[in-house]
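What follows is a short report on a single structure.
Each chain gets a letter, A, B and so on, in the order the sequences are listed, and its residues count up from 1.
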Amino acid sequence: MATSTPTKRAAPSSNSQRPAKKGHWSQGLLESMNDPNLIVESDERIVIIKDKYPKARYHFLAIPKINVPNLKALKREQSELLRYMQDQCHLLASKYPHVEFRYGYHAIPSMSQLHLHMISQDFDSPCLKTKRHWNSFNTKYFLDSADVIRCLEERGMVVTMTPIAGEKLLDLPLKCHKCIYSPQNMPKLKQHLYKHSNN
DNA sequence: GTTCTAGAAC
DNA sequence: GTTCTAGAAC
């Protein structure tokens, strides 16, 4: 009995040994930084790319070209770099005069290399699927760029939170960012968001 | 970070 | 029975 092969996850094409760290998913930004299809703006200091899985109609990432793994790695003198990233995002936003954006960092990012999110507040996207997605942009897990810069300048380092505290924020009940509605699940939230949209 | 899907929730 | 989410992925 049980000799047939039940439908299971397809085995990886190459097995036994995990890929080298270079190809690990957490290093994906370093590849996206050099992907001409994703690059929107680029100069000697930073690159701005389209998020590969946008969580709103407009979702960009500003990334420094020098290696900065995360917020913790930042030194006081690099607040100027953060300002530059923010300024360049504001400049890009001026191309979309009727679009509302927020600018900020995830407290505990999954991907290596510092990246500033610039995301439109419609949150209208098929890639927005989970409570984690929502809460990562709509709780204190999303650290406002201006606050991060101020912290770095005043305290000489960026104070974030523990991974445990981050997980708690990601697990909070869903709540609309524009009104008091607390939907029971993601499909209801996504349907509700159309009420705040202009078209 | 995403994909996939078992089993919870409805 | 269908919808939805949470957790594994070697």
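What separates CG of A:L128 from P of B:dT2 is a distance of 10 Å, to the nearest Å. A straight line from CD of A:Q113 to P of B:dG1 spans 16 Å, rounded to a whole angstrom.
Atom CG of residue A:L169 and atom NZ of residue A:K140 lie 8.5 Å apart, to the nearest 0.5 angstrom.
Taking the centre and axis of the six-membered ring of A:Y84, the NZ or CZ atom of A:R45 falls inside the cone set by 45° and 6.0 Å.
For A:S79 (side chain) and A:L152 (main-chain N/O), no donor-acceptor pair under 3.5 Å exists by modelled atom type.
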Check against side chain to side chain contact (heavy atoms under 4.5 Å, CB included), A:I48 and A:I39: CA-CA 6 Å; A:I48 300 180; A:I39 294 174; over 6 Å; no
Please produce a list of atom pairs where a protein N or O lies less than 3.5 Å from an N or O of nucleotides 3-6 of chain C.
from, atom 1, to, atom 2, distance (Å)
C:dT5, OP1, A:M186, N, 2.9

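Under the 3.5 Å distance criterion, with hydrogens and angles disregarded, no donor-acceptor pair is assigned to the side chains of A:S32 and A:K50.
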Structure string for DNA chain B in dot-bracket form, Watson-Crick and G-U at under 3.5 Å, | interchain: .|||||||||
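Under the 30°/60° scheme for interplanar angles, the aromatic rings of A:H196 and A:H177 are found to stand perpendicular.
Following chains of ILVMFWY side-chain contacts shorter than 4.5 Å, one cannot reach A:Y103 starting from A:W134, and the two form parts of different hydrophobic clusters.
A:H115 comes within 4.0 angstrom of nothing in the nucleic acid, heavy atoms only.
Checked against the 6.0 Å centroid criterion, the rings of A:H192 and A:F123 do not qualify as a close aromatic pair.
Regarding contacts with the backbone of B:dT2, a side-chain N or O of A:H133 is found under 4.0 angstrom from either OP1 or OP2.
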